[in-house]
Novice: 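Attaching a single structure in structure tokens format; questions to follow.
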Amino acid sequence: MPAPNIDTIVSLAKRRGFVFPSSEVYGGLGSAWDYGPLGVEICNNVKEAWWRWLVYERDDIEGIDSSIILNRLVWKYSGHEATFNDWLVDCRKCKGRFRADKIVDNKCPSCGASDWTEARPFNTMLQTKLGAVADDDPTALAYLRPETAQGIFINFLNVQTTMRRKLPFGIAQVGKSFRNEVTPGNFILRTREFEQMEMEYFVAPSAEHSKLVDYWVEQYLEWFSSLGISRENLYLYEVPPEELAHYSKRTVDIMYRYFPEREKPWEELMGIAWRTDFDLSTHSKNKLDEEGKRINPDSTEDLSYFDEPTKQRFYPHVIEPAAGVNRTVLAVLMDAYCEKTNDKGETRVILKLSPQLAPIKAAILPLAKNKPEIVGMAKAIKRSLQPVLRAVYDDTGGIGKLYARQDEVGTPFCVTVDHQSLEDEAVTVRDRDTWEQERIKVTDLAEHLQKRLKPYPVPLAETI
Ligand code: ATP
């Protein structure tokens, strides 16, 4: 049973230190959020799981970390300056402003009227100015990147030559992106500052691009499943031609059931796009248009690739799986949420997070906090576990309360030190999901926990 709605997660997230509304001391900043002590851990764990899966476990992907602010020409030739627009409409009755493509049944989401202005484009790249320049100096204009992908394209040759890569291979990057969203909202689902995990997979122009899109869709379904997201809460949306971005010949969105309470419950979790050779060729100095003119007179590089076996030079095509860290975290939290009733008839919240994503892996709890020997032993166990896994010590309540607190933040194991422990050098390990307990020797504890915390493996499809 996943969370019944996003609000349930909003209140849990605030109550338990996952996510706080940003700038609250000044009344907040619409749709900006700060990640607290547990939120930063789960974000890091998602990014680490992604990086390990793609960059370490596969043999065909490298990682990079490019600048957030790039030369403005990157955004001119990528097409973002001209086309990275949302279409805006104003409600004539209540003056509300909305994204035209998000209006359902032609009704204003604020007042229900159907009296709209003409749709007009609004460029959603966030602007800034570089250097100590006059306000009106147009050469100082720069953008905060709206996608991490362009930083990968302009480094294609740097990576390919230094790592001596042959096609097919990919480049992965994780980092912040910025979009001046017209109507941000729904918690961390749509914000102006967010984090992306993008991978550009470079292949020959003769490759079977559509099959490769399907391949990466399947791979990501496996990955989401390894994060504990149930398949039935995911839905594949084949983006129709009229909705495709300017660079894409085919895109499949993986949608998550973020709004189970609504008639239309799905919203995009990530997209997998065949970006053709658009990006590499548009940034290249040698690419000519149909009339034989250079399409990019500003570029000093040619990002083409020489294919040794066929002795051909070409611009590789790209398959791009682009996922959001924040939307993944929200889907993970919603899917992990469940409620359980204890023997006393009380309802308890449990976050059944996949162990690799849990912010805290083990909580070490003394059964009696007024017994210095028990407290000392519990603290020593916490310290000994800390180098291998994230452990915390807590003695700020009775044992039932401490268990409930850890269940609610998804800690897979509670380790209790009791009077008996002082004699038999053993502790009780309690499982978050089953509430079952077993007695484990302190000397075996680290290994026991590590075994049970192992990430679920992501099966790799055989061919690509
Ligand atoms: P949408 O249609 O929901 O605005 P998009 O199609 O513009 O999304 P992409 O350009 O495909 O999004 O970006 C890739 C991924 O980056 C998205 O699937 C999402 O996970 C994440 N993302 C994009 N915009 C935002 C945002 N404003 N807030 C949080 N995550 C975002």
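Remember, it's 1-based here, ligands and their atoms both numbered in the order they're listed. These figures come from a predicted structure and were not determined experimentally.
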Novice: Return the residue, atom name and 0.1 Å-rounded distance of the protein heavy atom closest to atom 22 (N) of ligand 1.
Specialist: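 Minimum-distance protein heavy atom for atom 22 (N) of ligand 1 reads F194 CE1, 3.5 Å.
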
Novice: Thinking salt bridges, do R120 and D86 make one under a 4.0 Å N-O criterion?
Specialist: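 Judged by the 4.0 Å cut-off on N to carboxylate O distance, R120 and D86 do not form a salt bridge.
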
Novice: Ignoring angles and geometry beyond distance, decide whether G324 reaches within less than 3.5 Å of ligand 1 through its nitrogen or oxygen atoms.
Specialist: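 Checking ligand 1 against G324, an N or O pair does fall under 3.5 Å apart.
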
Novice: Heavy atoms only, cut-off 4.0 Å: how does R179 contact ligand 1, side chain, backbone, both, or neither?
Specialist: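 The side chain, only.
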
Novice: Answer with side chain, backbone, both or neither: which part of D253 has a heavy atom less than 4.0 angstrom from an atom of ligand 1?
Specialist: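 It is neither; nothing of D253 touches ligand 1.
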
Novice: Could you see which bit of E243 sits under 4.0 Å from ligand 1, with heavy atoms only: side chain, backbone, both or neither?
Specialist: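 For E243, there is no contact with ligand 1 at all, from either part.
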
Novice: Specify the protein heavy atom at minimum distance from atom 29 (C) of ligand 1: its residue, its atom name, and the distance to 0.1 Å.
Specialist: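 Protein heavy atom with the smallest distance to atom 29 (C) of ligand 1: L189 O, 3.2 Å.
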
Novice: Can you tell me which residue and heavy atom of the protein come closest to atom 3 (O) of ligand 1, and the distance to 0.1 Å?
Specialist: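 For this ligand atom, the closest protein heavy atom is R190 NH2, 2.8 Å.
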
Novice: If we only consider heavy atoms of T328, is any one of them less than 4.0 Å away from an atom in ligand 1?
Specialist: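 No; T328 lies far enough from ligand 1 that no heavy-atom distance drops under 4.0 Å.
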
Novice: Quiz question: by atom type and distance under 3.5 Å, do the side chains of E243 and Y237 form a donor-acceptor pair?
Specialist: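 Their side chains do contain a donor-acceptor pair, which is all the 3.5 Å distance test asks for.
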
Novice: For L269 and ligand 1, does the shortest N/O to N/O distance drop below 3.5 Å?
Specialist: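 Among all N and O atoms of L269, at least one is under 3.5 Å from an N or O of ligand 1.
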
Novice: Ligand 1 and E198, any nitrogen or oxygen pair closer than 3.5 angstrom?
Specialist: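 Between E198 and ligand 1 (N or O atoms, distance only) the closest approach is not under 3.5 Å.
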
Novice: With rounding to the nearest 0.5 angstrom, report the CD1 to CD1 distance, I64 to I154.
Specialist: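 So the gap between those two atoms works out to 8.0 Å.
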
Novice: Who's the nearest protein heavy-atom neighbour of atom 28 (N) of ligand 1, and how far?
Specialist: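 Going atom by atom, the protein heavy atom closest to atom 28 (N) of ligand 1 ends up being T191 N, 3.1 Å.
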
Novice: Under 3.5 Å between some N or O of ligand 1 and some N or O of N326?
Specialist: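 Min N/O separation from ligand 1 is not below 3.5 Å for N326.
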
Novice: Taking the six-membered ring for Trp, are H80 and Y143 ring centroids under 6.0 Å apart?
Specialist: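 Ring-ring flag for H80/Y143: false, centres at least 6.0 Å apart.
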
Novice: Considering only protein heavy atoms, which is closest to atom 11 (O) of ligand 1, and at what distance to one decimal place?
Specialist: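 For atom 11 (O) of ligand 1, the nearest protein heavy atom is E268 OE2, 3.2 Å.
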
Novice: Could you see which bit of Q196 sits under 4.0 Å from ligand 1, with heavy atoms only: side chain, backbone, both or neither?
Specialist: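 Q196 to ligand 1: side-chain contact only, backbone stays beyond 4.0 Å.
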
